[in-house]
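Here the structure is a predicted model, which is why all the values come from computation and not from measurement. Just so you know, these numbers use all the heavy atoms, side chains as well, and skip hydrogens, waters and symmetry mates.
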Amino acid sequence: MWPYSEDQASSRVQRVLGHLQNFNGENVSKKFESAEGLVTAETNSGGSHLNSGYSTITWDSTLGKPKTGQPHLMPFLLPTKYCDSNHKLITEQAKAILGSDSARVTTLEAAVLIRRWIRENIIYVLDKRSVLASETLQKREGMCTNKANLQIALCRAVGIPAGYCLVHISKNAYEHDPLLDEVFHVISDPTIHCYCAIFDEKRNKFVRFDATEQQTLSKHHNLLLDEDEETGETYYKEKYVVGPSSPVQSNIDSLLDYKPKGKIKIYDSLRKRQNDLYRKHYRKQSN
């Protein structure tokens, strides 16, 4: 949830898209002139390696090894400033989630395990966007952007290509939350929602793996997310979605750093009251 003043609603999509980094040779990080030109992949029996032109990242899992001829997936496996998937805490947690059977589960099964862990262990609270995935992991809480960023980092740490999607949702999606009236009042309508998408090798496409809503005993009890029984995808219920999702992005660091003019500030005292309610609600739902 990113609350903006209402007069910015009509131009928000264009502004957001203008700050995204597409890795198509245009509007990308200064470290990459183009993804295809600087990023290469190697695989061997001992693990997988990504050479980005400025560093090499190695992971032990056999999941989702990059294949020769698919350089477009490389940016979705690399760490970034905020998606620090090579951080020791991230790699250790990812391995712990998958357990001793990591070599025997499919990419999709591993992504489901990571999504479930996020939904069960990361409390939804109001937070700033510019938070490292490793910081969210240590705090065990964050808003949709923070949860998606951590989910993507955990996926990348075990070799699953993952990226960010943005979509406009109605503020009515928050009617189920223990939300203070003062907070609900400053949420713009529509508001921007960020979620994770992972690359499904069998379908050869990115699929939606939204982990925003707390895990329930049954998917039929979810208030915000629908689940596709065939594909395993999770995504916001149609009644809350206002417009299409953005393309899957490998890096939104510049957007997370961006401080728009006119953004409505939620004061620390109000944020604390709201987050205390969220934590209390989480504990109640977990019991």
*Would you check, one step at a time, whether the test salt bridge (Lys or Arg N to Asp or Glu O under 4.0 Å) holds for Asp276 with Arg273?*
CA-CA 5 Å; Asp276 285 344; Arg273 287 170 53 206; over 6 Å; no

*Are Val207 and Val112 connected in a single hydrophobic cluster, I mean Ile/Leu/Val/Met/Phe/Trp/Tyr linked by side-chain heavy atoms less than 4.5 Å apart?*
yes

_Asp226: which residues meet the salt bridge (charged side-chain N to carboxylate O under 4.0 Å, His left out) condition with it, sequence neighbours left out?_
Lys237

*Between Gln274 and Leu180, is there a donor-acceptor pair closer than 3.5 Å when you use the side chain of the first and the backbone of the second?*
yes

*Taking the six-membered ring for Trp, are Phe206 and Phe76 ring centroids under 6.0 Å apart?*
yes

*Considering only NZ, NE, NH1 and NH2 on the basic side and carboxylate oxygens on the acidic side, decide whether Asp210 and Arg115 come within less than 4.0 Å.*
no

_Between Ser170 and Ala173 (side chain of the first, backbone of the second, donor and acceptor by atom type, cut-off under 3.5 Å), is there such a pair?_
no

*asked:* Taking His87's backbone N and O only, do any of them form a donor-acceptor pair with Asp84's side chain (distance below 3.5 Å, no angle check)?
replied: no

*What's the spacing between Arg271 CZ and Glu182 CD if we round to 0.5 Å?*
14.0 Å

_Lys139: partners by salt bridge (charged side-chain N to carboxylate O under 4.0 Å, His left out), with sequence neighbours left out_ = Asp127

*Test item: Arg156 side-chain N/O and Leu78 main-chain N/O as donor-acceptor pair under 3.5 Å*: yes

_Pairwise distance CD(Glu201) to CD1(Ile160) - rounded to 0.5 angstrom_ = 9.0 Å

*With sequence neighbours left out, what residues match Glu120 under salt bridge (charged side-chain N to carboxylate O under 4.0 Å, His left out)?*
none

*asked:* Could you tell me if Lys205 sits above the aromatic ring of Phe199, with its cationic atom closer than 6.0 Å to the ring centre and no more than 45 degrees from the axis?
replied: no

